[in-house]
Amino acid sequence: MFNEKMYALGSKRSIIREIFEYCKTRGAQIGSDKVFDFSIGNPSVEPPKEIEETICDLLKNESPVLLHGYTSAQGDFGTREAIANDINARFGTSLTPNSIYMTCGAAASLTISLRALLNSGEECIVFAPFFTEYRVFIENAGGKVVVSKPQEKTFQIDTADFESKISESTKAVIMNSPNNPSGVVYSEETISAVCEILKRKEKEYGHPIYLIADEPYRELVFDETPVPYLMNYYDDTIVCYSYSKALSLPGERIGYIAVSPKMEDSVNVYLAVCGAGRSLGYVCAPSLFQQVIKKCVGAKVDVNVYKENRDILYGALTEYGYECVHPDGAFYLFVKALEDDAYKFFERAKEKEILVVPCDDFGVSGYVRIAYCVDKKRIVNALPAFKALAEEYKK
Ligand code: PLP
């Protein structure tokens with residue numbers, strides 16, 4: 001008999017994928033321009049021009065072995081060096097190439113890190129609302145998910161609740177800011193408070209509690225909102241990064257893990273990361289894109305496109321009577337459903353061809369996520385339907 005747990009995961013798609021697939025079918029029936037698909041976080045902004053230019057240049061001038069052959073298991077040395085230097089220059093850290101492990105995006109960064117850190121039965125705390133796949137990744141690493149609830153309305157971390165969730169079995173904490181699905185950026189005050197609690201608890205229990213910073217949205221912030229770099233607040237930090245959203249390259253599967261050199265046992269933790277990568281078969285991230293990243297490490301997408309979408313959508317929805325937290329980053333709006341059951345609200349929105357994601361699986365019920373990484377036209381065209389839906393509920 002094959003593995004029942006894997007069968008269960010494979011036979012039930014994530015809610016986001018489920019809705020995304022429905023959108024494709026519905027689009028084929030009535031025309032894709034009539035379906036207001038806000039389900040998936042697929043970046044709508046083009047990758048920076050220099051990405052395409054660099055790919056062309058590499059293909060023309062570099063050897064096939066460099067571009068298409070194996071690299072070291074942990075990634076090309078020059079790419080890891082370029083990334084370490086870039087992080088050091090931006091955040092005043094002292095990473096070396098041997099702090100960096102190249103991965104196939106943030107999902108791989110997370111699964112490798114969790115596998116490297118967790119022993120069977122150990123706990124990993126996640127802050128609600130959280131990316132749905134955390135549960136899959138943690139449980140697959142043999143860990144137990146512990147959910148910390150957020151502050152009402154602001155969706156910042158509730159530090160008192162967080163402290164109450166830490167136990168002797170806590171081995172890791174995942175923090176995701178800017179956050180999927182709320183778009184909230186955790187304030188420096190919140191982060192300092194969380195890190196102080198962690199330091200105290202490490203002392204009390206006499207073992208490290210690792211902070212995993214899941215940062216695919218780090219570069220997607222508006223109005224110069226600061227995103228504190230967690231390694232500068234807490235030594236036992238591992239950063240899981242990805243270029244999927246930062247450079248609009250989700251299909252290329254490229255990212256990295258950075259292990260803080262300030263961690264007491266950082267060399268051995270890095271080796272555990274290498275071992276976890278090996279055990280999961282995540283060695284040698286795509287070679288061509290490692291070379292692209294080496295040359296484009298400072299490239300940026302135009303976040304103003306997302307900011308404009310946010311402003312239109314947030315402005316209109318709050319005017320129609322929807323309640324939502326003002327997002328400072330990522331490309332999601334976290335909206336209170338107009339009835340208690342977010343699934344029922346989802347069904348009513350679907351009747352108007354609006355596809356949003358109910359957030360119960362993100363650890364908060366009664367909310368939906370709107371991914372506004374779409375063409376501005378889709379947002380503008382969807383507004384009358386959002387308005388009509390709100391008016392229906394008022395009747
Ligand atoms: N973490 C969060 C919070 C995400 O939203 C996503 C993707 O949407 C991932 C991780 C996975 O990113 P990647 O596509 O780079 O694997």
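Both ligands and their constituent atoms are indexed starting at 1 by order of listing. Please read these numbers as outputs of a predicted model, since none were measured by experiment. The analysis underlying the following values was restricted to heavy atoms, covering all of them including side chains, and did not include hydrogens, waters or symmetry mates.
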Trainee: Based purely on interatomic distance, does Ala106 place a nitrogen or oxygen under 3.5 Å from a nitrogen or oxygen of ligand 1?
Mentor: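 Yes, there is a polar N/O contact under 3.5 Å.
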Trainee: Is Ala108 in polar range of ligand 1, meaning some N or O pair under 3.5 Å apart?
Mentor: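 Among all N and O atoms of Ala108, none is under 3.5 Å from an N or O of ligand 1.
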Trainee: Asn180 heavy atoms, cut-off 4.0 Å: which ligand 1 atoms fall inside?
Mentor: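 Checking each atom against Asn180, I get 3 (C), 4 (C), 5 (O).
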Trainee: On the six-membered ring of Tyr306, is Lys245 placed so that its NZ or CZ lies under 6.0 angstrom from the centre and within 45° of the ring axis?
Mentor: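 Checked: cation-pi criterion not met.
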Trainee: Does anything in residues 187-199 form a salt bridge (charged side-chain N to carboxylate O under 4.0 Å, His left out)? List the pairs, not counting sequence neighbours.
Mentor: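 Applying salt bridge (charged side-chain N to carboxylate O under 4.0 Å, His left out) to every pair that reaches into residues 187-199, excluding sequence neighbours, yields Glu196-Lys199.
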Trainee: I'd like to know if the side chain of Asp37 pairs up with that of Ser39 as donor and acceptor (distance under 3.5 Å, no hydrogens or angles considered).
Mentor: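 Yes - a donor-acceptor pair under 3.5 Å links their side chains.
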Trainee: For ligand 1, which atoms sit closer than 4.0 Å to a heavy atom of Ser242?
Mentor: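 Going through ligand 1 atom by atom, the ones under 4.0 Å from Ser242 are 15 (O).
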Trainee: Determine, for Lys201 against Glu204, whether the closest basic-nitrogen to carboxylate-oxygen distance falls under 4.0 angstrom.
Mentor: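 So Lys201 pairs with Glu204 through a salt bridge.
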Trainee: Does Lys245 reach ligand 1 with a nitrogen or oxygen that is under 3.5 Å from one of the ligand's nitrogen or oxygen atoms?
Mentor: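 Between Lys245 and ligand 1, an N or O pair is found under 3.5 Å apart.
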Trainee: Give a yes/no verdict on whether any heavy atom in Pro250 is under 4.0 Å from an atom of ligand 1.
Mentor: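 Under 4.0 Å: no for Pro250.
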Trainee: What are the atoms of ligand 1, with element, lying closer than 4.0 Å to any heavy atom of Asn176?
Mentor: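 That gives atoms 3 (C) of ligand 1.
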Trainee: Classify the side-chain pair Thr103/Ser109 by whether it contains a donor and acceptor separated by less than 3.5 Å.
Mentor: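 A pair is found: one side chain offers a donor N or O, the other an acceptor, under 3.5 Å apart.
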Trainee: Below 4.0 angstrom from a heavy atom of Tyr217, which ligand 1 atoms are there? Numbered from 1 as shown, please.
Mentor: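 In order of number, 3 (C), 4 (C), 5 (O), 8 (O).
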Trainee: Tell me every residue that passes salt bridge (Lys or Arg N to Asp or Glu O under 4.0 Å) with Glu123, counting only those two or more places apart in sequence or in another chain.
Mentor: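 Per chain and number, Glu123 pairs via salt bridge (Lys or Arg N to Asp or Glu O under 4.0 Å) with Lys144.
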Trainee: So for ligand 1, is Ser244 a polar contact partner (N or O within less than 3.5 Å, distance only)?
Mentor: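 Between Ser244 and ligand 1, an N or O pair is found under 3.5 Å apart.
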Trainee: Considering only the protein, which heavy-atom contact is closest to atom 9 (C) of ligand 1, and what is its distance?
Mentor: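 Of every protein heavy atom, Phe131 CE2, 3.5 Å lies nearest to atom 9 (C) of ligand 1.
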Trainee: Quick one: do the Glu339 and Tyr393 side chains pair a donor with an acceptor below 3.5 Å?
Mentor: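 Short answer, yes.
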Trainee: For ligand 1 and Asp214, I'd like to know whether there is a polar contact (N/O to N/O, distance under 3.5 Å).
Mentor: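 Yes - when backbone and side-chain N and O of Asp214 are compared with those of ligand 1, one distance drops under 3.5 Å.
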Trainee: Give a yes-or-no answer on whether the side chains of Glu219 and Tyr241 include a donor-acceptor pair shorter than 3.5 Å.
Mentor: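 Their side chains do contain a donor-acceptor pair, which is all the 3.5 Å distance test asks for.
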Trainee: Which residue holds the protein heavy atom closest to atom 16 (O) of ligand 1, what is that atom called, and what is the gap in Å?
Mentor: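 Its nearest protein heavy-atom neighbour is Arg253 NH2, 2.7 Å.
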